[in-house]
Protein chains: 2
Amino acid sequence: MRWLPDAMGRLQAAALELFLERGYEATTVADIAERAGLTKRTFFRYFADKREVLFIGSERLVEAFVAAVTQAPAEAPPLAAMEAGLHALGDSFTAERHRFAAERAAIIASSPELQERELIKLAAMAAAAAAALRARGVGEPAATLAADAAITVFRVAFSRWVADDRPEGFRALTRESLDTLRMLAAAP
Amino acid sequence: MRWLPDAMGRLQAAALELFLERGYEATTVADIAERAGLTKRTFFRYFADKREVLFIGSERLVEAFVAAVTQAPAEAPPLAAMEAGLHALGDSFTAERHRFAAERAAIIASSPELQERELIKLAAMAAAAAAALRARGVGEPAATLAADAAITVFRVAFSRWVADDRPEGFRALTRESLDTLRMLAAAP
DNA sequence: CGCTCGATGTCATTTAGTGCCATCACGTTA
DNA sequence: TAACGTGATGGCACTAAATGACATCGAGCG
(Lines give C-alpha, C1' and ligand atoms only; values in the text may rest on other atoms or scores of the structure.)
Protein backbone atom coordinates (compact mmCIF):
# COMPACT_ATOMS: atom_id res chain seq x y z
CA MET A 1 0.00 0.00 0.00
CA ARG A 2 3.10 2.14 0.09
CA TRP A 3 2.99 4.85 -2.58
CA LEU A 4 -0.77 4.59 -2.99
CA PRO A 5 -2.31 8.04 -3.23
CA ASP A 6 -3.87 10.07 -0.43
CA ALA A 7 -2.04 8.65 2.54
CA MET A 8 -3.52 11.31 4.81
CA GLY A 9 -7.06 10.55 3.70
CA ARG A 10 -6.51 6.82 4.23
CA LEU A 11 -5.24 7.48 7.72
CA GLN A 12 -8.24 9.65 8.54
CA ALA A 13 -10.68 7.06 7.21
CA ALA A 14 -8.96 4.23 9.08
CA ALA A 15 -8.99 6.23 12.28
CA LEU A 16 -12.68 7.04 12.01
CA GLU A 17 -13.54 3.40 11.37
CA LEU A 18 -11.48 2.10 14.27
CA PHE A 19 -12.70 4.74 16.71
CA LEU A 20 -16.26 3.76 15.87
CA GLU A 21 -15.53 0.03 16.08
CA ARG A 22 -13.45 -0.15 19.26
CA GLY A 23 -13.52 3.33 20.72
CA TYR A 24 -10.86 6.00 20.75
CA GLU A 25 -8.81 4.81 23.69
CA ALA A 26 -8.81 1.18 22.64
CA THR A 27 -7.32 2.14 19.30
CA THR A 28 -3.57 2.60 19.00
CA VAL A 29 -1.83 4.69 16.41
CA ALA A 30 -0.18 1.52 15.17
CA ASP A 31 -3.66 0.06 14.57
CA ILE A 32 -4.66 3.05 12.49
CA ALA A 33 -1.48 3.02 10.46
CA GLU A 34 -1.75 -0.70 9.83
CA ARG A 35 -5.29 -0.42 8.52
CA ALA A 36 -4.19 2.39 6.23
CA GLY A 37 -1.28 0.27 5.03
CA LEU A 38 1.29 2.59 6.57
CA THR A 39 3.40 2.79 9.70
CA LYS A 40 3.16 4.65 12.97
CA ARG A 41 6.01 6.89 11.90
CA THR A 42 4.13 8.06 8.85
CA PHE A 43 1.02 8.77 10.89
CA PHE A 44 2.97 11.24 12.99
CA ARG A 45 4.28 12.94 9.87
CA TYR A 46 0.75 13.90 8.90
CA PHE A 47 -0.72 14.49 12.35
CA ALA A 48 0.98 16.14 15.30
CA ASP A 49 -0.64 13.66 17.65
CA LYS A 50 -3.28 10.95 17.83
CA ARG A 51 -6.17 13.35 18.41
CA GLU A 52 -5.30 15.64 15.58
CA VAL A 53 -6.49 13.09 13.01
CA LEU A 54 -10.05 14.12 13.97
CA PHE A 55 -9.42 17.85 13.91
CA ILE A 56 -7.21 18.62 10.95
CA GLY A 57 -8.79 21.13 8.61
CA SER A 58 -10.22 23.31 11.35
CA GLU A 59 -8.03 26.17 10.14
CA ARG A 60 -10.25 26.47 7.08
CA LEU A 61 -13.29 27.01 9.27
CA VAL A 62 -11.44 29.74 11.10
CA GLU A 63 -10.51 31.40 7.84
CA ALA A 64 -14.07 31.34 6.61
CA PHE A 65 -15.29 32.78 9.87
CA VAL A 66 -12.73 35.57 9.92
CA ALA A 67 -13.31 36.45 6.27
CA ALA A 68 -17.03 36.84 6.82
CA VAL A 69 -16.49 38.98 9.90
CA THR A 70 -14.05 41.19 8.05
CA GLN A 71 -16.39 41.64 5.13
CA ALA A 72 -19.42 42.50 7.22
CA PRO A 73 -20.69 46.07 6.79
CA ALA A 74 -18.54 48.52 8.69
CA GLU A 75 -21.57 49.85 10.54
CA ALA A 76 -22.60 46.41 11.77
CA PRO A 77 -22.26 46.17 15.57
CA PRO A 78 -19.96 43.44 16.94
CA LEU A 79 -22.56 40.73 17.47
CA ALA A 80 -24.00 41.33 14.00
CA ALA A 81 -20.55 40.84 12.50
CA MET A 82 -20.22 37.65 14.54
CA GLU A 83 -23.55 36.48 13.18
CA ALA A 84 -22.20 36.89 9.66
CA GLY A 85 -19.24 34.74 10.62
CA LEU A 86 -21.47 32.07 12.08
CA HIS A 87 -23.54 31.92 8.94
CA ALA A 88 -20.39 31.48 6.90
CA LEU A 89 -19.54 28.54 9.13
CA GLY A 90 -22.99 27.15 8.56
CA ASP A 91 -22.18 26.70 4.90
CA SER A 92 -19.85 23.89 5.92
CA PHE A 93 -22.57 22.01 7.73
CA THR A 94 -24.72 20.70 4.94
CA ALA A 95 -27.08 17.74 4.94
CA GLU A 96 -24.50 15.56 3.18
CA ARG A 97 -21.96 16.11 5.90
CA HIS A 98 -24.45 15.49 8.66
CA ARG A 99 -23.69 11.80 9.05
CA PHE A 100 -19.95 12.35 9.25
CA ALA A 101 -20.38 15.25 11.65
CA ALA A 102 -22.58 13.17 13.92
CA GLU A 103 -20.18 10.21 13.98
CA ARG A 104 -17.25 12.48 14.67
CA ALA A 105 -19.18 14.27 17.40
CA ALA A 106 -20.08 10.97 19.04
CA ILE A 107 -16.44 9.92 19.13
CA ILE A 108 -15.39 13.24 20.62
CA ALA A 109 -18.15 13.04 23.21
CA SER A 110 -16.81 9.65 24.31
CA SER A 111 -13.36 10.87 25.28
CA PRO A 112 -12.32 13.74 27.59
CA GLU A 113 -9.01 13.89 25.75
CA LEU A 114 -10.83 14.68 22.53
CA GLN A 115 -13.14 17.16 24.21
CA GLU A 116 -10.10 19.06 25.40
CA ARG A 117 -8.80 19.25 21.87
CA GLU A 118 -12.14 20.44 20.58
CA LEU A 119 -12.31 23.14 23.22
CA ILE A 120 -8.89 24.50 22.35
CA LYS A 121 -9.80 24.54 18.67
CA LEU A 122 -12.91 26.54 19.47
CA ALA A 123 -10.83 28.83 21.66
CA ALA A 124 -8.49 29.41 18.74
CA MET A 125 -11.49 30.27 16.60
CA ALA A 126 -12.69 32.69 19.25
CA ALA A 127 -9.27 34.31 19.43
CA ALA A 128 -9.20 34.77 15.66
CA ALA A 129 -12.70 36.20 15.71
CA ALA A 130 -11.75 38.62 18.48
CA ALA A 131 -8.75 39.76 16.43
CA ALA A 132 -11.03 40.33 13.45
CA LEU A 133 -13.31 42.44 15.62
CA ARG A 134 -10.40 44.47 16.90
CA ALA A 135 -9.40 45.12 13.30
CA ARG A 136 -12.89 46.55 12.88
CA GLY A 137 -12.23 48.97 15.70
CA VAL A 138 -13.89 47.09 18.52
CA GLY A 139 -12.02 47.54 21.77
CA GLU A 140 -11.31 45.20 24.64
CA PRO A 141 -12.86 43.57 26.48
CA ALA A 142 -15.78 43.93 24.07
CA ALA A 143 -14.05 42.07 21.26
CA THR A 144 -13.18 39.05 23.38
CA LEU A 145 -16.60 38.97 24.97
CA ALA A 146 -18.42 39.18 21.66
CA ALA A 147 -16.19 36.54 20.07
CA ASP A 148 -16.54 34.11 22.95
CA ALA A 149 -20.27 34.64 23.06
CA ALA A 150 -20.46 33.90 19.35
CA ILE A 151 -18.54 30.66 19.82
CA THR A 152 -20.93 29.71 22.57
CA VAL A 153 -23.81 30.29 20.19
CA PHE A 154 -22.01 28.15 17.66
CA ARG A 155 -21.57 25.30 20.13
CA VAL A 156 -25.22 25.33 21.06
CA ALA A 157 -26.36 25.49 17.45
CA PHE A 158 -23.95 22.78 16.38
CA SER A 159 -24.95 20.35 19.10
CA ARG A 160 -28.61 20.84 18.24
CA TRP A 161 -27.89 20.35 14.54
CA VAL A 162 -25.98 17.14 15.26
CA ALA A 163 -28.56 15.72 17.64
CA ASP A 164 -31.41 16.29 15.25
CA ASP A 165 -32.50 13.31 13.19
CA ARG A 166 -33.99 15.62 10.61
CA PRO A 167 -31.34 18.23 10.38
CA GLU A 168 -32.87 21.63 9.99
CA GLY A 169 -30.87 24.39 8.52
CA PHE A 170 -27.89 25.46 10.54
CA ARG A 171 -28.72 29.11 9.94
CA ALA A 172 -32.04 28.88 11.73
CA LEU A 173 -30.43 27.24 14.73
CA THR A 174 -27.74 29.89 15.07
CA ARG A 175 -30.30 32.66 14.73
CA GLU A 176 -32.45 31.10 17.42
CA SER A 177 -29.53 30.69 19.80
CA LEU A 178 -28.33 34.22 19.22
CA ASP A 179 -31.81 35.56 19.85
CA THR A 180 -32.01 33.63 23.08
CA LEU A 181 -28.68 35.06 24.20
CA ARG A 182 -29.91 38.58 23.40
CA MET A 183 -33.04 38.00 25.47
CA LEU A 184 -31.00 36.75 28.39
CA ALA A 185 -28.78 39.81 28.30
CA ALA A 186 -31.80 42.11 28.08
CA ALA A 187 -33.46 40.66 31.15
CA PRO A 188 -33.21 42.93 34.24
CA MET B 1 11.18 12.01 53.20
CA ARG B 2 8.86 9.02 53.15
CA TRP B 3 6.12 9.36 55.76
CA LEU B 4 6.58 13.08 56.10
CA PRO B 5 3.20 14.80 56.23
CA ASP B 6 1.34 16.39 53.33
CA ALA B 7 2.74 14.39 50.43
CA MET B 8 0.24 15.98 48.05
CA GLY B 9 1.16 19.49 49.12
CA ARG B 10 4.86 18.73 48.72
CA LEU B 11 4.24 17.43 45.22
CA GLN B 12 2.26 20.53 44.30
CA ALA B 13 4.94 22.86 45.64
CA ALA B 14 7.72 20.94 43.90
CA ALA B 15 5.81 21.00 40.63
CA LEU B 16 5.19 24.74 40.78
CA GLU B 17 8.85 25.42 41.53
CA LEU B 18 10.12 23.24 38.72
CA PHE B 19 7.62 24.53 36.18
CA LEU B 20 8.76 28.06 36.95
CA GLU B 21 12.44 27.13 36.87
CA ARG B 22 12.60 24.98 33.76
CA GLY B 23 9.19 25.19 32.17
CA TYR B 24 6.39 22.66 32.14
CA GLU B 25 7.55 20.50 29.26
CA ALA B 26 11.14 20.36 30.42
CA THR B 27 10.00 18.98 33.77
CA THR B 28 9.33 15.26 34.13
CA VAL B 29 7.08 13.68 36.69
CA ALA B 30 10.15 11.91 38.06
CA ASP B 31 11.76 15.32 38.63
CA ILE B 32 8.77 16.52 40.61
CA ALA B 33 8.56 13.38 42.69
CA GLU B 34 12.27 13.48 43.44
CA ARG B 35 12.16 17.06 44.66
CA ALA B 36 9.22 16.15 46.87
CA GLY B 37 11.13 13.14 48.21
CA LEU B 38 8.73 10.67 46.64
CA THR B 39 8.51 8.50 43.56
CA LYS B 40 6.77 8.82 40.23
CA ARG B 41 4.30 6.12 41.20
CA THR B 42 3.18 8.08 44.22
CA PHE B 43 2.69 11.20 42.12
CA PHE B 44 0.19 9.32 39.98
CA ARG B 45 -1.66 8.15 43.07
CA TYR B 46 -2.44 11.76 43.97
CA PHE B 47 -2.87 13.19 40.48
CA ALA B 48 -4.53 11.52 37.54
CA ASP B 49 -1.90 12.94 35.20
CA LYS B 50 0.95 15.41 35.07
CA ARG B 51 -1.28 18.40 34.35
CA GLU B 52 -3.68 17.75 37.15
CA VAL B 53 -1.15 18.86 39.76
CA LEU B 54 -1.96 22.43 38.71
CA PHE B 55 -5.72 21.99 38.67
CA ILE B 56 -6.68 19.91 41.65
CA GLY B 57 -9.16 21.68 43.87
CA SER B 58 -11.19 23.15 41.06
CA GLU B 59 -14.20 21.17 42.25
CA ARG B 60 -14.45 23.47 45.24
CA LEU B 61 -14.77 26.47 42.97
CA VAL B 62 -17.55 24.72 41.10
CA GLU B 63 -19.35 23.96 44.34
CA ALA B 64 -19.12 27.57 45.49
CA PHE B 65 -20.43 28.77 42.16
CA VAL B 66 -23.34 26.35 42.10
CA ALA B 67 -24.28 27.07 45.69
CA ALA B 68 -24.45 30.79 45.06
CA VAL B 69 -26.55 30.29 41.94
CA THR B 70 -28.92 28.02 43.78
CA GLN B 71 -29.33 30.46 46.63
CA ALA B 72 -29.97 33.46 44.44
CA PRO B 73 -33.49 34.95 44.75
CA ALA B 74 -36.02 32.88 42.85
CA GLU B 75 -37.12 35.91 40.86
CA ALA B 76 -33.59 36.71 39.70
CA PRO B 77 -33.26 36.25 35.94
CA PRO B 78 -30.62 33.79 34.68
CA LEU B 79 -27.77 36.24 34.17
CA ALA B 80 -28.39 37.79 37.57
CA ALA B 81 -28.12 34.37 39.17
CA MET B 82 -24.90 33.80 37.24
CA GLU B 83 -23.58 37.10 38.54
CA ALA B 84 -24.16 35.88 42.08
CA GLY B 85 -22.16 32.78 41.24
CA LEU B 86 -19.32 34.85 39.81
CA HIS B 87 -19.15 36.98 42.91
CA ALA B 88 -18.94 33.87 45.04
CA LEU B 89 -15.99 32.80 42.91
CA GLY B 90 -14.42 36.18 43.42
CA ASP B 91 -14.11 35.46 47.14
CA SER B 92 -11.41 32.95 46.23
CA PHE B 93 -9.33 35.51 44.43
CA THR B 94 -7.99 37.65 47.20
CA ALA B 95 -4.91 39.84 47.22
CA GLU B 96 -2.92 37.18 49.12
CA ARG B 97 -3.55 34.62 46.42
CA HIS B 98 -2.72 37.01 43.62
CA ARG B 99 0.93 36.03 43.35
CA PHE B 100 0.18 32.33 43.23
CA ALA B 101 -2.61 32.86 40.74
CA ALA B 102 -0.34 34.88 38.47
CA GLU B 103 2.46 32.33 38.56
CA ARG B 104 0.07 29.52 37.88
CA ALA B 105 -1.55 31.46 35.03
CA ALA B 106 1.84 32.16 33.47
CA ILE B 107 2.70 28.46 33.51
CA ILE B 108 -0.62 27.55 31.95
CA ALA B 109 -0.21 30.22 29.29
CA SER B 110 3.12 28.69 28.31
CA SER B 111 1.75 25.28 27.39
CA PRO B 112 -1.08 24.33 25.03
CA GLU B 113 -1.46 21.10 26.94
CA LEU B 114 -2.24 23.03 30.10
CA GLN B 115 -4.55 25.40 28.29
CA GLU B 116 -6.57 22.43 27.13
CA ARG B 117 -6.93 21.24 30.68
CA GLU B 118 -7.97 24.68 31.85
CA LEU B 119 -10.58 24.91 29.14
CA ILE B 120 -12.17 21.60 30.06
CA LYS B 121 -12.25 22.60 33.73
CA LEU B 122 -14.06 25.80 32.79
CA ALA B 123 -16.39 23.78 30.59
CA ALA B 124 -17.17 21.56 33.56
CA MET B 125 -17.93 24.64 35.60
CA ALA B 126 -20.22 25.91 32.86
CA ALA B 127 -22.02 22.58 32.71
CA ALA B 128 -22.57 22.63 36.48
CA ALA B 129 -23.81 26.21 36.28
CA ALA B 130 -26.21 25.30 33.49
CA ALA B 131 -27.57 22.44 35.58
CA ALA B 132 -28.09 24.81 38.48
CA LEU B 133 -30.01 27.15 36.20
CA ARG B 134 -32.18 24.31 34.96
CA ALA B 135 -32.96 23.46 38.56
CA ARG B 136 -34.21 27.02 38.86
CA GLY B 137 -36.60 26.42 36.00
CA VAL B 138 -34.57 27.88 33.17
CA GLY B 139 -35.04 25.96 29.95
CA GLU B 140 -32.65 25.03 27.17
CA PRO B 141 -30.87 26.46 25.35
CA ALA B 142 -31.16 29.46 27.66
CA ALA B 143 -29.45 27.69 30.57
CA THR B 144 -26.44 26.61 28.55
CA LEU B 145 -26.12 29.98 26.87
CA ALA B 146 -26.32 31.90 30.13
CA ALA B 147 -23.86 29.58 31.85
CA ASP B 148 -21.33 29.72 29.02
CA ALA B 149 -21.66 33.48 28.81
CA ALA B 150 -21.00 33.73 32.52
CA ILE B 151 -17.86 31.63 32.19
CA THR B 152 -16.70 33.89 29.41
CA VAL B 153 -17.21 36.85 31.69
CA PHE B 154 -15.23 35.02 34.33
CA ARG B 155 -12.34 34.37 31.97
CA VAL B 156 -12.15 37.98 30.94
CA ALA B 157 -12.36 39.23 34.51
CA PHE B 158 -9.81 36.71 35.72
CA SER B 159 -7.26 37.51 33.05
CA ARG B 160 -7.56 41.21 33.81
CA TRP B 161 -7.22 40.56 37.52
CA VAL B 162 -4.10 38.46 36.96
CA ALA B 163 -2.49 40.91 34.55
CA ASP B 164 -2.99 43.84 36.85
CA ASP B 165 0.01 44.87 38.93
CA ARG B 166 -2.28 46.57 41.38
CA PRO B 167 -5.03 44.04 41.66
CA GLU B 168 -8.36 45.76 41.87
CA GLY B 169 -11.25 43.94 43.34
CA PHE B 170 -12.43 40.95 41.39
CA ARG B 171 -16.04 41.99 41.84
CA ALA B 172 -15.60 45.22 39.97
CA LEU B 173 -13.96 43.45 37.07
CA THR B 174 -16.73 40.89 36.73
CA ARG B 175 -19.38 43.58 36.91
CA GLU B 176 -17.65 45.60 34.22
CA SER B 177 -17.32 42.61 31.93
CA LEU B 178 -20.91 41.60 32.45
CA ASP B 179 -22.07 45.13 31.69
CA THR B 180 -20.03 45.14 28.51
CA LEU B 181 -21.61 41.87 27.44
CA ARG B 182 -25.08 43.29 28.10
CA MET B 183 -24.30 46.33 25.97
CA LEU B 184 -23.07 44.14 23.14
CA ALA B 185 -26.24 42.10 23.21
CA ALA B 186 -28.37 45.21 23.30
CA ALA B 187 -26.75 46.72 20.20
CA PRO B 188 -28.94 46.48 17.09
C1' DC C 1 4.83 -8.19 70.99
C1' DG C 2 2.58 -9.25 66.94
C1' DC C 3 -1.21 -7.73 63.63
C1' DT C 4 -3.47 -5.00 60.48
C1' DC C 5 -3.95 -1.35 57.35
C1' DG C 6 -2.95 2.55 54.64
C1' DA C 7 0.77 4.80 52.28
C1' DT C 8 4.73 4.21 49.59
C1' DG C 9 8.22 1.83 46.71
C1' DT C 10 9.71 -1.46 42.95
C1' DC C 11 9.30 -3.48 38.71
C1' DA C 12 7.40 -4.47 34.30
C1' DT C 13 4.66 -3.09 30.54
C1' DT C 14 2.08 -0.39 27.06
C1' DT C 15 1.74 3.53 24.25
C1' DA C 16 2.49 8.33 22.53
C1' DG C 17 5.75 10.86 20.41
C1' DT C 18 10.45 12.10 18.22
C1' DG C 19 15.12 11.96 16.07
C1' DC C 20 18.11 9.79 12.82
C1' DC C 21 19.17 7.40 8.99
C1' DA C 22 18.07 3.94 5.36
C1' DT C 23 15.21 2.85 1.56
C1' DC C 24 12.07 3.19 -2.10
C1' DA C 25 9.62 5.09 -6.28
C1' DC C 26 9.60 8.52 -9.51
C1' DG C 27 11.13 12.17 -12.55
C1' DT C 28 15.11 14.58 -14.60
C1' DT C 29 19.17 14.88 -16.94
C1' DA C 30 23.25 13.51 -19.34
C1' DT D 1 19.55 3.96 -20.68
C1' DA D 2 22.01 4.84 -16.77
C1' DA D 3 23.08 7.93 -13.14
C1' DC D 4 21.22 11.18 -10.08
C1' DG D 5 18.27 13.84 -7.03
C1' DT D 6 14.19 14.35 -4.37
C1' DG D 7 10.26 13.65 -1.63
C1' DA D 8 7.74 10.13 0.79
C1' DT D 9 8.03 6.16 3.62
C1' DG D 10 10.05 2.59 6.73
C1' DG D 11 12.94 0.98 10.55
C1' DC D 12 14.99 1.52 14.81
C1' DA D 13 16.15 3.41 19.10
C1' DC D 14 14.86 6.21 22.77
C1' DT D 15 12.27 9.20 26.22
C1' DA D 16 8.42 9.96 29.02
C1' DA D 17 3.56 9.38 30.49
C1' DA D 18 0.60 6.23 32.56
C1' DT D 19 -0.93 1.87 34.77
C1' DG D 20 -1.11 -2.79 36.96
C1' DA D 21 0.75 -6.18 40.22
C1' DC D 22 3.09 -7.00 44.09
C1' DA D 23 6.40 -5.98 47.94
C1' DT D 24 7.52 -3.14 51.86
C1' DC D 25 7.38 0.14 55.37
C1' DG D 26 5.51 2.61 59.51
C1' DA D 27 2.10 3.68 62.72
C1' DG D 28 -1.52 2.49 65.69
C1' DC D 29 -3.92 -1.13 68.28
C1' DG D 30 -5.06 -5.30 70.87
Side-chain angles (χ1 to χ4, degrees), chain A residues 1-56 107-108 110-121, chain B residues 1-56 107-108 110-121:
Chain A
M1 319 258 303
R2 211 180 174 182
W3 311 118
L4 281 192
D6 197 19
M8 180 151 83
R10 275 150 54 208
L11 286 167
Q12 286 179 285
L16 196 71
E17 287 174 22
L18 286 167
F19 293 164
L20 288 170
E21 288 173 18
R22 318 180 190 168
Y24 172 78
E25 289 168 17
T27 303
T28 72
V29 172
D31 292 337
I32 300 170
E34 187 189 10
R35 181 164 298 196
L38 296 165
T39 63
K40 194 176 82 167
R41 195 65 187 83
T42 298
F43 178 95
F44 285 112
R45 285 207 182 85
Y46 284 101
F47 309 104
D49 55 50
K50 183 182 168 189
R51 317 175 202 175
E52 199 63 14
V53 70
L54 279 177
F55 291 92
I56 228 167
I107 295 169
I108 293 172
S110 76
S111 157
E113 230 178 296
L114 292 171
Q115 290 165 39
E116 288 188 338
R117 180 56 51 87
E118 174 154 84
L119 288 172
I120 207 168
K121 294 284 183 183
Chain B
M1 321 256 305
R2 211 178 172 181
W3 311 118
L4 282 193
D6 197 19
M8 180 151 90
R10 274 150 55 207
L11 286 167
Q12 286 178 285
L16 196 71
E17 286 173 22
L18 287 166
F19 293 163
L20 287 172
E21 289 172 17
R22 318 179 190 170
Y24 172 77
E25 289 167 17
T27 303
T28 73
V29 172
D31 292 337
I32 300 170
E34 187 189 9
R35 180 164 298 197
L38 296 165
T39 64
K40 198 174 77 167
R41 195 64 186 85
T42 299
F43 179 96
F44 285 113
R45 286 207 181 85
Y46 284 100
F47 309 103
D49 55 49
K50 183 183 168 188
R51 317 176 202 175
E52 200 63 15
V53 70
L54 279 177
F55 291 93
I56 230 170
I107 296 169
I108 293 173
S110 76
S111 157
E113 228 177 298
L114 292 170
Q115 290 164 39
E116 288 187 341
R117 180 55 50 87
E118 174 155 84
L119 287 171
I120 207 169
K121 293 285 182 182

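This structure is a prediction, so every number in the text was calculated from the model and none was measured.
The distance from atom NZ of B:K40 to atom C1' of D:dA18 is 8 Å, rounded to the nearest whole Å. Protein atom CZ of B:F43 is 14 Å distant from nucleotide atom P of C:dG9, rounded to whole Å. Residue B:D49 contributes atom CG, which lies 17 Å from atom P of D:dA16 at whole-angstrom precision. Residue A:F44 contributes atom CZ, which lies 16 Å from atom P of D:dT9 at whole-angstrom precision. Between B:D6 atom CG and C:dT8 atom C1' there is a gap of 15 Å when expressed in whole angstrom units.
At a cut-off of 3.5 angstrom, the base of C:dG17 holds no donor-acceptor pair with the side chain of A:K50. Interface remark: the B:R41 side chain does form a donor-acceptor pair with the D:dG20 base, using a distance-only criterion of under 3.5 Å. A donor and an acceptor atom never sit less than 3.5 Å apart when one is taken from the side chain of A:R45 and the other from the base of D:dG7.
Between atom CD of residue A:E113 and atom CD of residue A:E118 there is a gap of 14.0 Å, rounded to the nearest 0.5 Å. Note that CD of A:Q12 and CG of A:L54 are 8.5 Å apart. Values are rounded to the nearest 0.5 Å. The distance from the CZ atom of A:F43 to the CE atom of A:M8 is 11.0 Å, given to the nearest 0.5 Å. Note that CZ of B:F19 and CD1 of B:I32 are 4.0 Å apart. Values are rounded to the nearest 0.5 Å. Within the model, atoms CG of A:D49 and CZ of A:R117 stand 4.0 Å from one another, a figure rounded to the nearest 0.5 Å.
Of all the residues in residues 24-34 of chain A, A:T27, A:T28, A:V29 reach under 4.0 Å from DNA chain C with at least one non-hydrogen atom. Within a heavy-atom distance below 4.0 Å of DNA chain C, no residue of residues 14-23 of chain B is found.
Looking at heavy-atom distances under 4.0 Å, B:F47 makes no contact with the nucleic acid at all. Across all strands shown, B:Y46 has heavy atoms under 4.0 Å from sugar-phosphate atoms exclusively, and none from any base.
Remark: A:T39 is not in phosphate contact with D:dT9, judged by side-chain N or O atoms under 4.0 Å from OP1 or OP2.
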For B:I108 and B:Q115, what are the C-alpha separation, side-chain angles and deciding distance, and is it a side chain to side chain contact (heavy atoms under 4.5 Å, CB included)?
CA-CA 6 Å; B:I108 293 173; B:Q115 290 164 39; 4.2 Å; yes
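Taking the side chain of B:L38 as heavy atoms from C-beta on, and the options D:dA18, D:dT9, C:dG9, the nearest nucleotide is C:dG9.
Applying the 6.0 Å contact sphere to CD of B:E34 captures no more than 12 heavy atoms from other residues, nucleotides or ligands.
The backbone N or O of A:L114 sits nowhere less than 3.5 Å from a side-chain atom of A:R51 that would complete a donor-acceptor pair.
Electrostatic pairing of B:K50 and B:E25 does not count as a salt bridge here, judged by no charged N lying under 4.0 Å from a carboxylate O.
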